[in-house]
Amino acid sequence: MSVWSLLAKRLGLGILTLFAVSLLIFGAVEALPGDIAQQVLGQTATPDALAALRREMGLDRPAVLRYVDWLVGAAQGEFGVSMANRRPVADMIGPRLLNTLFLASVAAAIAVPLSIGLGVMAALWRGTTFDRTANVATLTSISSPEFFLGYILILFLAVQNPVFPSISNINPTMSFGDRLYRTMLPALTLTLVVTAHMMRMTRAAIINLLASPYIEMARLKGMPPAIVILRHALPNALAPIINVVAINLAYLITGVVLVEVVFVYPGVGQLLVDSVSRRDFPVVQACCLIFAATYVLLNLSADVLAILSNPRLRRPKT
Amino acid sequence: MARNQHPLLEIRDLRIEGYADEKWFEIVHGVDLTLHRGEVLGLIGESGAGKSTIGLAAMGYTRDGCRISGGTITFDGIELTSTPEEVRRSLRGARIAYVAQSAAASFNPAHRLIDQHTEAPVQHGARSRRESAEDAVALYRRLRLPNPDEIGFRYPHQVSGGQLQRCMTAMAMSCRPDLIIFDEPTTALDVTTQIEVLAAIRDIVEQFGTAAIYITHDLAVVAQMADRIKVLLKGREVEEAETRVMLDAPREEYTRSLWAVRSFARAQNQPPAPSETPVVSVRGVTAAYGATTVLRDVSFDMHQGRTVAVVGESGSGKSTAARVITGLLPPVSGGVMLDGAPLPGDFRRRTREQLRQVQMIYQMADTALNPRQRIGEIIGRPVEFYLGLRGVKRKQRVDELLDQIELDPSKYYERYPAELSGGQKQRIGIARALAAEPKFIICDEVTSALDQLVAEGILKLLDRLQRELGLAYMFITHDLATVRAIADEVVVMKDGQVVEAGPKDQMFEPPHHPYTDLLLSSVPEMDPDWLTRLLQARGVENIGEAASARMDGG
């Protein structure tokens, strides 16, 4: 199978997944008791007022038509208007999505090189104190709840040693450096959460290959251990590593709810939590769809990268 | 050969331990080895003899789970066991190089061949990357690889096995080492490819005056390559002598028994009467995997009490023919007849009685037996399924079958496959096939994973069972020595077609199809001058892949 047909297949599957997720989201909201009109006008509203609002919002039309409208709108970036303040959902999510992406990027920029580096070193010095310490430390951090880690970091890096601010209330007027500075604690918290998974997968993927004949060949050519690992094992271990990195990046974007709340960070996660408590369905739907799209997109890129890292797929037999 | 100098490699009382079941135990028990510059020493022995372990130890290297526990290894005055790892590393690849059994697995799939070739010279500071790349092309040309200017820029998966093995030999030469360890370099190759690689290795070793340790279990191969031969058995030396002396007059009983293996042959059965209905008849079968046609109009018959050997190289369609007969791969056209009646193409549509008549024995007894079932269960299951025997009767039948394959029922009934040796496992595979009481058994490379002595035992057993039970065998093999030993008829396949078929005595007598001729002439003989004479007679251009490929045009 050529690379292109492989990619087309993955892309098609991704779109299908998104479609299924959109159905689920819409269906779930539809299944909730009461509707938006009821929610907006409250329990005391008259039937006439309800009917008028429903007509105005198009809620009297069949669910299928509303779903199609919503989906077509979502595809164009139009998610309707918020019930809470009547602002377009897209305008509410836009800046916050950028904030969340900024936080995720900072966390990824720290976590991905750190965990792959630690994984490579743990594989190189497997069985040593370094290996065991790295394993125990990362396992401890992944086993602790995010809010706990967040508070520990606040305690040590904001309260006892005031290095970073404990509240990450960034806004678009700040300089890049200032935003980076204020984002550091939530980014470090996220790093602690995702490093273990990526590091252990890197270590395992490399160690898995160390019994291969071509690794023995590299050693018998007199290559030093570091080159054996970096040049001969790592390129062949990339596919599983890329996949686990993609899953963790997706988590960085979609799983930040708690961390954003702890640090009062103005991201999508905060918005989602607020919207759920306000029962602002259009916003909740839009957030869920964006999160699902993030997962699909990241996994798709992981597939593409894994294919590109494999010469057997990149260059089929002549 | 400069015998007056001090030896290049001197191993004294080498002891190596392996780690298993949480303790160390010795696997090499005090082996001595002396190698002079420019000399080729053959190390032969069965699996478990310690050949590869000793070969790697000559580089000061042990695999994970092994350690050198005693003795000395002196390479050109450097004692490898006590020298620091950095010194050993500086020798590996630079002055002692290694050529592995499977080139396909030993080249890194992520890098181009030439980048792997230039790695060692650059690392050891022997040559610059550019010089080494130019040298690689020169070596590729010297080893008669096709497109020497271009082949290095391919990835390993884009190059055939025989060519990869020559690329690996070139890579071993990249720093012009004093010593190369060849660890079964042609074992994984087809005969026609093997001969080409052998010729290339011998040529380049002579050209550069490199000393070599040539490890193999194939006596005929080592006879072509080595000046001296050392025979090993279970980590101990049996004897060592000059190649010709060793071949003509082996001193030890064990060596003589190795030599004698190839002498097993049974008489060819009388051809069947023309009126006799074949047990299984393959009629004009064409079969395909997806869009790729792998069998084209294949026909041959198998009669009661006779053995048909199907020979050919990997990819010739031998095993696919077996899959069609067993119903695992329904043919596109044509079909299979059992006792003159057509068999459904798909095994799911065959009756239990039809399934019972066609049984199979596999190449890898290791993977063909369920490791979680006891022997009694493995053999008892088909007894129950096909014959409906239960309880005591089933146990009795399994005991009979174990007796037939010469394993004591009281000892083996309760055992698991992991507790058995390779040859015993293959016997269990035979018993499982016999349990169905079939008329016809497909033996798919049943001896190729076994040592020669063990393989001979299996062949004798199969022969005895055929005479006692009147079985018809289809014997798939690439080993012509096996064909000589057991076949009544031979079917030669190439690229999914039957190129020649007939009684064995005719097949080994000229004239025959040029491909059969190429195949037969490529089988190494126990004569140290065989390769030299063959190369003189045919010329280097008329052996191996090139010759085989030319026949496709004709």
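Below, chains carry the letters A, B, ... as their sequence lines are ordered, and counting in each starts from 1.
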Quiz prompt | Residues that B:Phe182 engages under ring-ring contact (aromatic ring centres under 6.0 Å, His included), provided they are two or more places apart | solution = B:Tyr214

Answer whether the closest heavy-atom distance between the side chains of [X] and [Y] falls below 4.5 Å.
X        : Y        : result
A:Ile253 : A:Ile290 : no
B:Arg95  : B:Phe75  : yes
B:Gln163 : B:Leu113 : no

Self-check item: Largest heavy-atom contact set with chain B, pairs under 4.5 Å, which of A:Arg231, A:His232, A:Lys221
Solution: A:Lys221

Quiz item: Salt bridge between A:Asp131 and A:Arg126, side-chain N to carboxylate O under 4.0 Å?
Solution: no

Please state whether the side chain, the backbone, both or neither of [X] comes within less than 4.5 Å of a heavy atom of chain A.
X        : value
B:Ala105 : both
B:Arg88  : neither
B:Gln101 : neither
B:Phe107 : backbone
B:Leu91  : neither
B:Glu85  : neither

Quiz item: Based on non-hydrogen pairs under 4.5 Å, which of B:Pro109, B:Ala120, B:Gly93, B:Ser174 is most in contact with chain A?
Solution: B:Pro109

Distance-only donor-acceptor hits, side chain of residues 103-123 of chain A, under 3.5 Å, sequence neighbours excluded:
unit_1, atom_1, unit_2, atom_2, d
A:Ser105, OG, A:Leu101, O, 2.5
A:Ser115, OG, A:Ala111, O, 2.6
A:Ser115, OG, A:Val112, O, 3.3

